[in-house]
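Both ligands and their constituent atoms are indexed starting at 1 by order of listing. We use all heavy atoms of the structure for the numbers below, so side chains are in, but hydrogens, waters and symmetry mates are not.
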Amino acid sequence: MSICDNGERMPGLRDIWRARQRIAGFVRKTPLIFSAELSRCLNASVYLKLEFMQDTGSFKLRGAANKILSLPPEQQKAGVATFSTGNHGLAVAYMAKSLGIPASVFISSRVPAAKVNNLKTLGVNVVIYGTSQDEAEENCYETAERDGLTVVKPFDDLYVIAGQGTIGLELLDECPSVNHVIVPLSGGGLAAGIAVALKSGMGDIRVTGVSMREGAGMHSSLRAGKPVALPEADTLADSLLGGIGLDNRYTFPLVRDYLDDTVLVSEEAIAAGMALLYREHRLVVEGAAAIGAAFLLEHGNVLPGRHVVLVVSGSNVDTDAFLAVLQNRS
Ligand SMILES: *Cc1c(COP(=O)(O)O)cnc(C)c1O
């Protein structure tokens, strides 16, 4: 257990082991497969950790499950809330439904009807407020305060980070020779959790965080030495959009202290990564999940001989958008 310079207790290996035990009934141990093609191209051993095979289509279920299951029963009964319409929102909604507790998702009037319907199908209370995600988020915190709901944050939470970190424990089991893990990086819950899990042991394992070139909030914050806000950009890796929070408590210091490097990749490389995962492995994944493959395609010649794992994080991609990428129309 460590205390950071901001006085916050940071998640450690013990929190991740506890998370593994807590979420076991809700979360799948995902397969790790060997990629012959990427290994051949890079003259390395490349494996894919298939995290999109969780229910709800992404690893976000691990963090949401750990957070919600750690709440005392009366707090669970009062209900949970979130302001994410993406993979995190789906994971919170799914967990709430599994446990039979109320969940509210706060969104703005700009969220497309298809996403709203998706959430409603999961049985959550959808609260539409304001015209921007920031307004919806503010409303979420105010309502939660008033009604005693617990806001489940998408990444900057000790339990969420520990939940994502359980991927690191699985990797050590499945591939003890691993010495480089490539992780998609947005708010940093995934990367921080995995890095803490892998680096608290004895092995010398590199962890690289990968983001898209435009709108990479964590990368820019690390450069600036403090959390900064960035304008959003159009990207195939839409699940990686969004800032890290100007009042970030956990993931900024953890990513800063535990990751070996953070790199940016082009949109063309992300598209090429998605196409490669489909062509070689018949995987249908979203842009964020292909960003590790994109990194190998753009920068992979720096890894000969290494045992590399790519975390393939999610599969929530629109069919039309996916076909456009395959047909090179994006
Ligand atoms: C949320 C998400 C990420 C990034 O996770 P962070 O913890 O925010 O860094 C990567 N891939 C997918 C598919 C996601 O949904």
Ionic contact status for [Y] with [X], cut-off 4.0 Å:
{"X": "Asp257", "Y": "Lys199", "result": "no"}
{"X": "Arg40", "Y": "Glu280", "result": "no"}
{"X": "Lys97", "Y": "Asp55", "result": "no"}

Parallel, tilted or perpendicular: ring planes of Tyr278 versus Phe322, cut at 30 and 60 degrees: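 Taking Phe322 first and then Tyr278, their aromatic rings stand perpendicular (interplane angle over 60°).
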Donor-acceptor pair between His219 and Ser211 side chains, under 3.5 angstrom: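 The answer is no; no qualifying pair exists.
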Considering only heavy atoms of [X], which atoms of ligand 1 have at least one such atom less than 4.0 Å away?
{"X": "Gly314", "answer": "13 (C)"}
{"X": "Phe59", "answer": "1 (C), 2 (C), 3 (C), 5 (O), 10 (C), 11 (N), 12 (C), 14 (C)"}
{"X": "Asn87", "answer": "13 (C), 14 (C), 15 (O)"}
{"X": "Gly188", "answer": "6 (P), 7 (O), 8 (O), 9 (O)"}

Same apolar cluster (I L V M F W Y, side chains within < 4.5 Å links), Val207/Leu222: yes
Region of Asn316 that comes within reach of ligand 1 [heavy atoms, distance under 4.0 Å]: neither
Per-residue contact class, Ala288 against ligand 1 - non-hydrogen pairs under 4.0 Å: side chain
Minimum-distance protein heavy atom relative to atom 10 (C) of ligand 1: Leu240 CD2, 3.4 Å
Taking atom 12 (C) of ligand 1 as the reference point, the nearest protein heavy atom with its distance: Ser313 OG, 3.4 Å
Give yes if a backbone or side-chain nitrogen or oxygen of [X] is under 3.5 Å from a nitrogen or oxygen of ligand 1, and no if not.
{"X": "Gly187", "result": "yes"}
{"X": "Leu190", "result": "yes"}
{"X": "Gly189", "result": "yes"}
{"X": "Phe155", "result": "no"}

Validation row, ring centre Phe26 to ring centre Tyr94 under 6.0 Å: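 No; Tyr94 has its ring centre 6.0 Å or more from that of Phe26.
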Heavy-atom neighbours of Lys77 NZ exceed 12 at 6.0 Å: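 Not buried by this count: 12 neighbours or fewer within 6.0 Å.
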Exceeds 12 heavy-atom contacts within 6.0 angstrom, atom CD of Glu214: no
Proximity winner for atom 2 (C) of ligand 1, if only heavy atoms of Lys60, Glu286, Gln164, Glu51 are counted: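 That would be Lys60.
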